[in-house]
Amino acid sequence: MARRRFDQNNNRVDYGELLVEDPSYELDQAVGMTYSLDMEALMGIPLCLGMRGEMTSGQRNNPLYVLEAIRRTGKKLSIFCNVGCIKVPKSECRLFALLEGSIHEVRMPKSMYNFHPKVWVLQYHNVNDGRIMIKVVVLSRNLTFDQSMDMATQMTGFVGDEINPKNQPLADLLTFVSQFDNKKNAYNHLISNLKKVKEFDLIECFDDYEFHPFGIYGKSENGIKKVITKEHRKTARELFRNCYALFIVSPFLSDGVIADLLDDFNNHPEAGPVRRCLITRESSVTNRIFNAFQRRNGDGIYVVDPVFSSNDALDDGDTFGYENRDVHAKVFFTEKYNEPKKIYIGSLNASQNAFDYNVEFLLELQYKSYHASYFSVKEDFIPAEESPFVPLTDFNEDVLEQDEDEIDFRSEVYGVTGARIIAKEGSFNIEVYADSDYEGVTIRPFFVKTQIKNLVKITCFEDIALNSLSNLFVLSKNGSECLIRLEVENMPEDEREDSIFNEIISNKPMFMTYMRYLLDEDFYDSVSFEELISQGTDAGETTEGYGFTVEPDIYEKMLKVAADYPERFDSMYEVVERLDDNKIGEEFKQLLELFMKASGRKGKGRK
């Protein structure tokens, strides 16, 4: 029997591992797209990209380790998410501020539209031969800790000399999102290289691919620029109409879309796909949808077995406060007369919002001849034994999805237009601007819990400390919260980052520990953060032990780095330039400059 591709028990993948490459490749740029964003989940991305590893609890609790991961990759990372869909984290860790520049909220032309793709485009270069590689990761999962059943796939290709038209639609999606970053030209090189990827490596059962972004083409609307193209880009309905067989996995549904795909508006008894099957959430099934999949002796509808939906069934256990898992994957398998069999993976639900209004993305994979059929794919998802899905035998109106308890922040997030910082003697004021007063809605700066104000046309916050300035603000309404990112005028970016570095590297022992880490990347394994704190407590505020004559291990490590890894001095210099002199010591600074000069390195600091 062929190996199952869609086996949730044996083919589970780690989100971070999908993004990283082997040590012979160095990251140049990473662009991720997600509908919703969890700040704590985002914190794990620099650890994966910069440290090439999963975030253990020890690493997550070690601020120096996380700080170094952000320092390495933060400027290379861009995350685009739907406006108003950032989850408020449990703690206001100052390290989040160092990732604010990587977050870009996408404001759609109308508030009922959503930005919904889940895709990554990453550029790496080979440190040995300089070849540039592009990695594309397509998922149905958002950048959160949700434990629902999702799908993901990855593909890599090398940049050549000629443009490959097949990659233009994905380049168009990058062009579209770049307008939501003030530094939109920062994506030009990545877009150019993506277009020149000759071919992407595919799993052995596939021999071709297509990229399908939706909702980005046409005329500009309400100040949002869409992509103009002379090429015809297929709509979702065009992809899935006139199928002989159609297998769908979609958690959210609309009667009209299902009726359209199954030709259910046609009264002829033989209309629509001969073979049809749906995996979904029971709460999304209406009477019409239930009947549509019974027509023509269809294979019906399947939902998650309650045994598998409980978080108790997960091996890794920790749910981070999310609800029990259900289907969240989006998959379409099609068989059409005189066409290859195809499977589509990505963000598109079989719903009206997805088909007609949202920005979405699908990866089309074309099967080689005789490598798949409707029956093999159905059996792959729904095996005869130990299937996570069970047939839905009748329609139950009582479990239809209810939305009345969900607090809608769309009016407020589209109504808040920006903010401005006003410098004062030793502190700052912040003004937040909205298009009107919003009754029952409050707002506060992310790092300031003590100043909660009603959201009005001009909301003022006074006496904010430098290290509490933020582009993030918390909106609250009827007991619910959401996080929004605003473009804040007069933000002292460099000074604020320096302040955060000094808050985390709070004394000389912490500084010397960081330097040891930069000199020897295995240092984390030899000392716990608790030991680090103990060192700082024992050392107090004394100045002994910070010249190289008293700390011979530092001097010895610098000698080795000078011979083998002189580029590490650049990282050390960048950190030193951010910190107050009393944490460094003049002796160490002179020693570092001496080694850099001897190694032919030039300082990249700002002071």
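Basis for what follows: all heavy atoms, side chains included, without hydrogens, waters or symmetry-related copies. One is the number of the first residue; the rest follow in order along the sequence.
- Contacts of Ser427 classified as side chain to side chain contact (heavy atoms under 4.5 Å, CB included), with partners at least two apart in sequence or in another chain: Lys424, Asp463.
- In this structure, the side chains of Thr280 and Phe252 stay at 4.5 Å or more apart for every pair of heavy atoms.
- Lys166 has no carboxylate O lying under 4.0 Å from a charged side-chain N of Glu364, or vice versa, which leaves the two without a salt bridge.
- Atom CD of Glu238 sits in a crowded spot, with more than 12 heavy atoms from other residues, nucleotides or ligands closer than 6.0 Å.
- Among all heavy-atom pairs drawn from Leu18 and Ala152, the shortest one is CD1-CB, 3.7 Å.
- A donor-acceptor contact closer than 3.5 angstrom is absent between the side chains of Asn454 and Thr442.
- Annotation: cation-pi pair Lys477/Phe409 present, NZ/CZ under 6.0 Å from the ring centroid and within 45° of its normal.
- Side-chain contact annotation: Ser470 with Glu100, donor-acceptor N/O pair under 3.5 Å present.
- Going from atom CD of Glu462 over to atom CD1 of Ile422 covers 9.5 Å, rounded to the nearest 0.5 Å.
- When side chains are defined from C-beta on, Cys85 does not count as touching Leu37, because their heavy atoms never get closer than 4.5 Å.
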Please report the C-alpha distance between Asp150 and Leu139 in whole Å, then the side-chain angles of each, then the deciding distance to 0.1 Å, and finally whether the side-chain contact (heavy atoms from CB on, under 4.5 Å) criterion is met.
CA-CA 7 Å; Asp150 275 294; Leu139 315 97; over 6 Å; no
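- Between Val456 and Ala434 the shortest heavy-atom distance is O-CB, 3.6 Å.
- Aromatic ring orientation, Phe200 versus Phe211: perpendicular (interplanar angle above 60°, classes split at 30° and 60°).
- Looking at Phe80 and Tyr35, their side chains never come closer than 4.5 Å, going by heavy atoms from C-beta outward.
- Checked by atom type, the side-chain pair Ser148/Asp146 shows a donor-acceptor distance below 3.5 Å.
- Side-chain atoms of Asp181 come within 3.5 Å of backbone N or O of Lys183 as a donor-acceptor pair.
- There is a side-chain donor-acceptor pair under 3.5 Å between Glu487 and Asn182.
- The side-chain tip of Arg94 points at the ring of Phe447 from less than 6.0 angstrom away and within 45° of straight on.
- Separation of atoms CG (Asp326) and CE (Met149) is listed at 7.5 Å; rounding is to 0.5 Å.
- In this structure, the separation between CZ on Arg233 and CD on Glu210 is 8.5 Å, given to the nearest 0.5 Å.
- Using modelled atom types, no side-chain atom of Thr144 and backbone atom of Asp38 make a donor-acceptor pair closer than 3.5 Å.
- Using a distance-only test at 3.5 Å, with no hydrogens or angles considered, no donor-acceptor pair links the side chain of Thr34 to the main chain of Lys118.
- Between Trp120 and Val31, the closest side-chain pair of non-hydrogen atoms is not below 4.5 Å.
- Nearest heavy-atom pair, His116 versus Asn349, reported as atom, atom and distance to 0.1 Å: CE1-ND2, 3.7 Å.
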Check the pair Leu253 / Leu278 against side-chain contact (heavy atoms from CB on, under 4.5 Å), numbers first and verdict last.
CA-CA 10 Å; Leu253 310 168; Leu278 169 68; 3.8 Å; yes
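- Taken to the nearest 0.5 Å, the NZ atom of Lys110 stands 12.0 Å off from the OH atom of Tyr414.
- For the pair Val448/Thr450, a side-chain contact is recorded, criterion being any heavy-atom separation below 4.5 Å from C-beta on.
- Between Met491 atom CE and Arg496 atom CZ the span is 4.5 Å, to the nearest 0.5 Å.
- Under the side chain to side chain donor-acceptor pair (under 3.5 Å) test applied with Ser347, the options Glu360, Lys330, Arg141 reduce to a single match, Glu360.
- Side-chain contact, Gln179 with His104: no donor N or O sits under 3.5 Å from an acceptor N or O.
- When atom types are taken as modelled, the side chain of Arg281 and the backbone of His328 share no donor-acceptor pair closer than 3.5 angstrom.
- Counting heavy atoms from C-beta on, the side chains of Leu173 and Ile216 come closer than 4.5 Å.
- For the 3.5 Å distance criterion, the side chains of Tyr209 and Asn167 qualify, holding a donor opposite an acceptor.
- Thr73 places a side-chain N or O within donor-acceptor distance of the main-chain N or O of Ala69, the cut-off being under 3.5 Å.
- For the residue pair Asn114/Asn82, the side-chain donor-acceptor check at 3.5 Å is satisfied.
- Taking all atoms of both residues into account, the shortest heavy-atom contact from Ser254 to Ser351 is OG-CA, 3.4 Å.
- For the side chain to side chain contact (heavy atoms under 4.5 Å, CB included) with Pro169, the lone residue among Tyr217, Phe361, Phe214 that qualifies is Tyr217.
- Shown here is Asn242, whose CG atom has no more than 12 heavy atoms of other residues, nucleotides or ligands within 6.0 Å.
- The two atoms that bring Leu486 and Val432 nearest to each other are CD1-CG1, 4.1 Å, heavy atoms only.
- Going from atom CD1 of Ile86 over to atom CZ of Phe473 covers 12.0 Å, rounded to the nearest 0.5 Å.
- Among residues two or more places apart in sequence or in another chain, the side chain to side chain contact (heavy atoms under 4.5 Å, CB included) test is passed with Asp435 by Tyr438.
- Looking only at side-chain heavy atoms (C-beta outward), Leu143 and Leu42 come within less than 4.5 Å of each other.
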Given ring-ring contact (aromatic ring centres under 6.0 Å, His included), test Phe381 with Tyr302 step by step and report yes or no.
CA-CA 10 Å; Phe381 274 93; Tyr302 288 76; over 10 Å; no
Ile421 and Glu489: side-chain contact (heavy atoms from CB on, under 4.5 Å), yes or no, with the steps?
CA-CA 6 Å; Ile421 288 175; Glu489 295 181 26; over 6 Å; no
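- Aromatic pair Phe461/Phe428: ring centres not closer than 6.0 Å.
- Nearest heavy atom pair, residue Ile301 against residue Val285, reads CD1-CG1, 3.9 Å.
- Donor-acceptor pairing under 3.5 Å is lacking for the side chains of Thr175 and Tyr187.
- Looking at heavy atoms from C-beta onward, Leu122 lies out of side-chain contact with Val136 at the 4.5 angstrom threshold.
- Not one N or O on the side chain of Ser111 forms a donor-acceptor pair closer than 3.5 Å with the backbone of Arg410.
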Could you give me the CA-CA distance, side-chain angles and deciding distance for Val303 and Ile279, then say whether side-chain contact (heavy atoms from CB on, under 4.5 Å) is met?
CA-CA 6 Å; Val303 296; Ile279 296 176; over 6 Å; no
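- The aromatic rings of Phe240 and Phe332 lie parallel to each other, with less than 30° between the two planes, well short of the 60° mark.
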Intermediate values then yes/no, salt bridge (Lys or Arg N to Asp or Glu O under 4.0 Å), Arg241 and Asp260
CA-CA 8 Å; Arg241 276 177 177 161; Asp260 199 12; 3.0 Å; yes
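- Looking only at distances, no side-chain donor or acceptor of Arg444 sits under 3.5 Å from a matching main-chain atom of Gln451.
- Applying salt bridge (Lys or Arg N to Asp or Glu O under 4.0 Å) to Glu431 and the options Lys457, Arg420, Lys453 leaves one that passes, Arg420.
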